[in-house]
Each structure stands twice: as C-alpha cells, then as structure tokens.
Protein chains: 2
Amino acid sequence: MNVRPRPVVAELVTRQTPPPCAACAVYDFGICRAASPAWALQPGEPFEFQGSGHTVPARRVVFREHEMTEAVPVICEGWAASTVMLSDGTRQILSFLLPGDLVSTALLFDAKANCSVEAITDVRYRTFNRAELKATLLKNADLLERLSKAWIEEKSRADQLIVDLGRRTAEERIARLILNLKDRLALRGMVRSEPMEMDFPLRQHHIADAIGLTPVHVSKVLSEFRHAGILRISDRSLTILDFARFRRIALMR
Amino acid sequence: MNVRPRPVVAELVTRQTPPPCAACAVYDFGICRAASPAWALQPGEPFEFQGSGHTVPARRVVFREHEMTEAVPVICEGWAASTVMLSDGTRQILSFLLPGDLVSTALLFDAKANCSVEAITDVRYRTFNRAELKATLLKNADLLERLSKAWIEEKSRADQLIVDLGRRTAEERIARLILNLKDRLALRGMVRSEPMEMDFPLRQHHIADAIGLTPVHVSKVLSEFRHAGILRISDRSLTILDFARFRRIALMR
DNA sequence: CGGTGTCTTGAATACCATCAAGTCTTGTGG
DNA sequence: CCACAAGACTTGATGGTATTCAAGACACCG
C-alpha cells in the first residue's frame, strides 16, 4: 500500500510567509477578489497583505462560540468545520469549510458567532476587518452580489442538512454528504475523474458529528459501501467507484 | 369545555379591504417600517398599499418551491410554514413563520426559493417588490440593519434546528420547539402569563414534520407531558403549566 | 349523515445507539 | 530507533428510541 506524503497543506504551513493571494487557486472563486479593497488593496498592487494571514494546525480551534471579534475569516487552504458543542460533550457539525469559503456570512453583521470553527487539516486563512468589509460592501455592487450568493448557498446547505437529518436514513445521509463535498470540491478543481477521486481528510467521527450519527454506525455503513464496491477510502483519499449507484442512494427520495 | 370562537385571523380575512399597516401590531417589529419606502410610502402618508395585500386560507400554499417571483412576502397575520417535500411524500418543515416575519431573507437576492410556503391558519401577507426593496436597502442604513438582524436570526434558528435534529431526543425537540415559539410570540406580545398561555394552531403533524418525527410519536410524547402536568393543549391553545420543568427538559444538554 | 381530518393507544418491528473487545495506525518521549 | 500511549477503525452482541401498522374515538364540515 503506497503511503502518500503529507498533504500539500502541511508543507505550506511550515513556510515563513504565506503565498500571495494572487497565487491562490480560489482567489476568484469566493469573495476575495471582490472584497480586496477591504484589504486596502490598490488595483494592480501585488497581493501581499500584512498581518492578515494565519495558520492553524489540524484539530485546533480557530475561534470559539460567543467569542467577540472584528475579524471575518476566509479559508485559504485546508478543511475546517463549524461546530456546536452540547453540555454533555456531544457535538454537531453545522458545515464543512473548504478553501475559498467565508466562515460565515453572518459574521459580516454580528461580531458574535453562534458556533466554533475547528481545523480538520492544517488550515491557512486570512481575515477581513468587519467595518472595512461592510464599508466596501456599500460601494461595490460586485461584492454585494458575491456575498448574497454566498449567503444563499450557506442557507440552502443548512436547509438541505435539516431535511437530511429530519427525513433521511443513515445511508442516504452519508451518500449525500460525500456527494455534496464532491460537488463543492469539483467547483474548486479539486476532484480527479476516471476514477472519481478526491482528498478526504475527514475522520469518521467528523462524518458522524455532521449527520447526527455515531462513529460506530458510520463505520458500518461505510463498510457496506466498500464491500458493495461503491467506495474506496484509503490514505485520506476517497474514490467513488460506482457513481450511478451512489447517486441513486443519495437521491433515493 | 368552552369552545372559543374562530381565531381573530379568520375574521380579518373576510374583510373586503385589509387594515392599514399603521394598525398592524407588528409594523415596528419587523422590517416593514424601515422598508416602507419600498412600498413608495411617503413619511406621514396614511399606510394604504394598493395591491400588495393578500389573504390565503389555512392549508393553502402561498408559493411553491422553485417558483420564480419578484415578490418578497411578509406575514402580516396568521401562522405559516416553509416546507420541503420529498419525492416519497414525506415533508420537512424548515421554519414556522409568524406575524412580522419576512418569509426568507434569501428572497431578497434570489427570485427562486428552495422551499414552499404553506398557510397553517388563514394568513394575511403583503409583498415588497424585490428590485425596489433592494434599491431602498442601499440608501437606508436602518433597513440594512433590520435585514441583517433578520438574516442572523434566520440562520441561527436553522443552526439550532440542525443541532436539535442531529443530537436531541424527541422530548427535548418538542419542548424546545414549543419554547422557541413561545419566545417568538412573546416578542410580539402574543403570550399571556399566569398561566402562560398562547394560541397554538399547529396540528401534531406540523410538529412532527418540523422536528423529524412521526405524528404518532408526537402524540405519545405530548400525552406524557400532559399526564405529567406540564402542558395543557385544547381549543388550539397551549398552556405551559410547569414552566421550570419544561425548561429543564428543553435545556437537558 | 357520511366523509375527512385529527388524535389516541397498543403491538410488532426497524434503525441506530451503546457497550465491548480487538486491530491497526499515528504520534511522542525516552 | 524503539516502546508506549493515544487515536482511529472494525465487528459483534445487546438494548432503546422511534417507526410502522392498525383500529377506534371524536370533532367538524359540506
């Protein structure tokens, strides 16, 4: 079994200076380009933003629920999760954050988030200043457009998750989670095809916390998928072997 | 057992002309006052908006998923639900809409909703024109403020529901749903105290569809609450008899 | 006055959780 | 570099929560 080297993310974290935004694979994808005036960037100026770049190792908390902050973070590289903890230790993951994602559009208007953000892989992110971003928003129709798109998608994904949790079985939920992640990664050019393969740094407990199951049950369902020849997961990489069948499970109803 | 007359809402629906917004109990509560320029209203002008008032009888659909529309509806009176239907007939209620609620802040930016809206009681609502509302938004800091608040609350409630569906038992979910509705009604001055009582037009199948259970199980849990002396439900009215205990169930973790 | 919608209750069943033991991998300090 | 601990995953046995199925009571409406 070929053990692949540590993921690309980890290399970057060890660099002294983060790469400029111009080199970012998702600079055009999210709000970054449209919002760059909020980084006090002049058109044509090299993309070097002092002090707004951060790195966080895997499993560390980026920020905590109810923490006040002026910073509005955008994920540059790596995977993160926004989570809610209950007093008995159980956890719910509200959404996974991928490169280019604004952590939460609500953070634009409220300094207090209602969830924590946790790094899954090593994560690199940058932050906007809320006041500056808001000011830019009112002068920049393109940014407003991008943000409203982000808002609509954020809400739509939350609504989808509600339907999944309320009305679908474990198999359906897992299939839908993986296919959603596949679609989002594909938009970022992060999915290989033939065979359909992608980086998959999630532990089974992440999946469990995201779709309201126990890690044990997630393991059992994934084993089924594996034995049925639908999926292959190894070395933090996931391959969809039987896409048609997998899709049928996800869209069962 | 005293059978109360049909709820106030029904009376209003039978009127020929809807009451002016000035008479609305929640005119100041939601976005209506701040957004009134989008109704082409001059300050001091009597609140009479031609053509923007609608009434819908209970159980009728206000608008359907994926329907395109320029209208951004606000509930004036009555209860509604935003719902998603699955192909096998099961249904998920994403949220209940109360007087003063914008149906969805996402409708401000996208003409296509990802859920349907259904009247629970007879409902009276008015609509803004999206383009006009958007234009007003950019010239009116107060409106932006109100909308961002609505947006944050909408998302926060969706996130809460995700946690409830993913990580809580039937008892907790039902208690939390009822207490959330109580809080929202209280903000609107629609809850009596001593004893704590409110209009409660939901059928048990509404509750079931909202929190991912079956009507049968909802019935069993509500019966428990009733026999334990915690709740009383009759004549579409709900009384919380043992608030402390009920709250403890809702906040169990 | 039958039809429809709502609610209740009981019995049988399905799905997922919990508990437990064991394997394998990963990370860490001696 | 090895030993050990911690984390991640698997698998089986058992149990609990909620679903499904079914039958009946009741209210409301046309």
Side-chain angles (χ1 to χ4, degrees), chain A residues 1-7 10 57-60 86 88-92 120-122 164-174 200-209 211-227 231-238 249 252-253, chain B residues 1-7 10 57-60 88-91 118 120-122 164-174 200-227 231-238 249 252-253:
Chain A
M1 198 172 285
N2 63 331
V3 176
R4 62 175 58 196
R6 301 194 65 191
R59 314 177 63 210
R60 199 70 55 81
L86 300 188
D88 69 342
T90 60
R91 195 174 72 147
Q92 178 66 41
I120 293 174
T121 63
D122 295 340
D164 289 352
L165 293 175
R167 294 292 167 209
R168 295 188 209 264
T169 65
E171 287 190 13
E172 296 172 81
R173 292 186 213 175
I174 292 180
F200 197 77
L202 300 186
R203 309 288 153 153
Q204 292 184 356
H205 73 81
H206 289 122
I207 300 177
D209 288 344
I211 57 182
L213 300 169
T214 57
V216 174
H217 200 237
V218 169
S219 169
K220 285 171 182 170
V221 173
L222 285 178
S223 293
E224 278 175 31
F225 287 156
R226 223 179 309 113
H227 293 137
L231 286 186
R232 184 177 54 207
I233 305 181
S234 64
D235 297 327
R236 306 295 151 209
S237 171
L238 185 150
I249 294 171
M252 196 162 279
R253 50 181 161 179
Chain B
M1 198 171 285
N2 64 333
V3 176
R4 63 174 58 193
R6 301 195 64 192
R59 315 177 62 212
R60 199 69 56 80
D88 69 344
T90 61
R91 195 174 74 149
E118 242 179 81
I120 293 174
T121 62
D122 295 340
D164 289 352
L165 292 175
R167 293 292 167 209
R168 295 190 209 264
T169 65
E171 287 189 14
E172 297 170 82
R173 292 186 213 177
I174 291 180
F200 198 77
L202 301 186
R203 310 289 153 150
Q204 292 185 357
H205 74 80
H206 290 122
I207 300 178
D209 288 345
I211 57 182
L213 299 170
T214 57
V216 173
H217 200 238
V218 170
S219 169
K220 286 171 182 170
V221 173
L222 285 179
S223 294
E224 278 175 31
F225 286 156
R226 221 178 310 114
H227 293 138
L231 285 186
R232 185 177 56 205
I233 305 181
S234 65
D235 297 327
R236 306 294 151 209
S237 172
L238 185 150
I249 294 171
M252 196 162 279
R253 52 180 162 180

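Within every chain, numbering begins at 1; the chains are lettered A, B, ... in the order of the sequence lines, protein sequences first and strands thereafter. Remember, it's a predicted structure, so these values are computed and weren't measured experimentally.
- Across C:dT18, D:dT10, C:dA11, the shortest atom-to-atom separation from the side chain of A:Lys220 is found for C:dT18.
- Distance, B:Phe225 CZ to C:dT8 C1': 17 Å, rounded to whole Å.
- Other residues, nucleotides and ligands place no more than 12 heavy atoms under 6.0 Å from the CZ atom of A:Arg60.
- Following rounding to the nearest Å, B:Asp235 (CG) and C:dT6 (P) show an atom-to-atom distance of 16 Å.
- In this structure, of D:dA18, C:dC16, D:dT11, it is D:dA18 that holds the atom nearest to the side chain of B:His217.
- Rounded to an integer number of Å, the gap from B:Arg203 CZ to C:dG5 C1' is 8 Å.
- No side-chain donor-acceptor contact under 3.5 Å links A:Ser219 to the backbone of A:Pro215.
- Atom CZ of B:Phe200 is separated from atom C1' of C:dC7 by 14 Å (rounded to the nearest Å).
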Q: Could you go through the side-chain contact (heavy atoms from CB on, under 4.5 Å) check for B:Leu222 and B:Ile207 one step at a time?
A: CA-CA 11 Å; B:Leu222 285 179; B:Ile207 300 178; 4.2 Å; yes
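- The distance from atom CE of A:Met252 to atom P of C:dC15 is 12 Å, rounded to the nearest whole Å.
- Side-chain atoms of B:Asp88 and B:Thr90 include a donor-acceptor pair closer than 3.5 Å.
- Distance from the side chain of A:Val216 is smallest for C:dC19 among the nucleotides C:dT9, C:dC19, D:dA8.
- Annotation: proximity of residues 204-213 of chain B to DNA chain C (heavy atom, distance under 4.0 Å) is found for B:Gln204, B:His205, numbered in ascending order.
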Q) Can you check side-chain contact (heavy atoms from CB on, under 4.5 Å) on B:Glu172 and B:Thr169, steps first, answer last? A) CA-CA 5 Å; B:Glu172 297 170 82; B:Thr169 65; 2.9 Å; yes
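- Distances shown here put every side-chain N or O of A:Arg236 at or beyond 4.0 Å from the OP1 or OP2 atom of C:dT26.
- An OP1 or OP2 oxygen of C:dC15 is reached within less than 4.0 angstrom by no side-chain nitrogen or oxygen of A:Thr169.
- B:Leu165 and B:Arg173 get closest at one heavy-atom pair: O-NH2, 3.5 Å.
- When all heavy atoms of B:Arg167 and A:Ala208 are compared, the pair lying nearest together is NH2-O, 2.9 Å.
- One end of the helix from C:dC1-D:dG30 to C:dG30-D:dC1 points its axis 40° away from the other end's axis, with each axis taken from 5 pairs and the angle rounded to 10°.
- Nearer the 5' end of DNA chain C, as judged by each residue's closest nucleotide, is the contact made by B:Pro215, out of B:Pro215 and A:Thr214.
- Between B:Asp209 and B:Arg91, the closest heavy-atom pair is OD2-NE, 2.8 Å.
- A:Ser219 has no side-chain polar atom (N or O) that falls below the 4.0 Å cut-off from OP1 or OP2 of D:dT11.
- B:Glu171 and B:Lys220 are not joined by a salt bridge, as no carboxylate oxygen comes within less than 4.0 angstrom of a charged side-chain nitrogen.
- In this entry the distance linking CG of B:Leu202 with P of C:dG5 reads 18 Å, nearest Å.
- Between A:Arg226 atom CZ and D:dA8 atom P the separation is 17 Å, expressed in whole Å.
- Once rounded to the nearest 0.5 Å, the distance linking CZ of A:Arg232 with CZ of A:Phe200 reads 14.5 Å.
- Closest to the A:His227 side chain, of the nucleotides C:dC16, D:dA22, D:dT11, is D:dT11.
- B:Glu171 has its CD atom 13 Å from the C1' atom of D:dG16, to the nearest Å.
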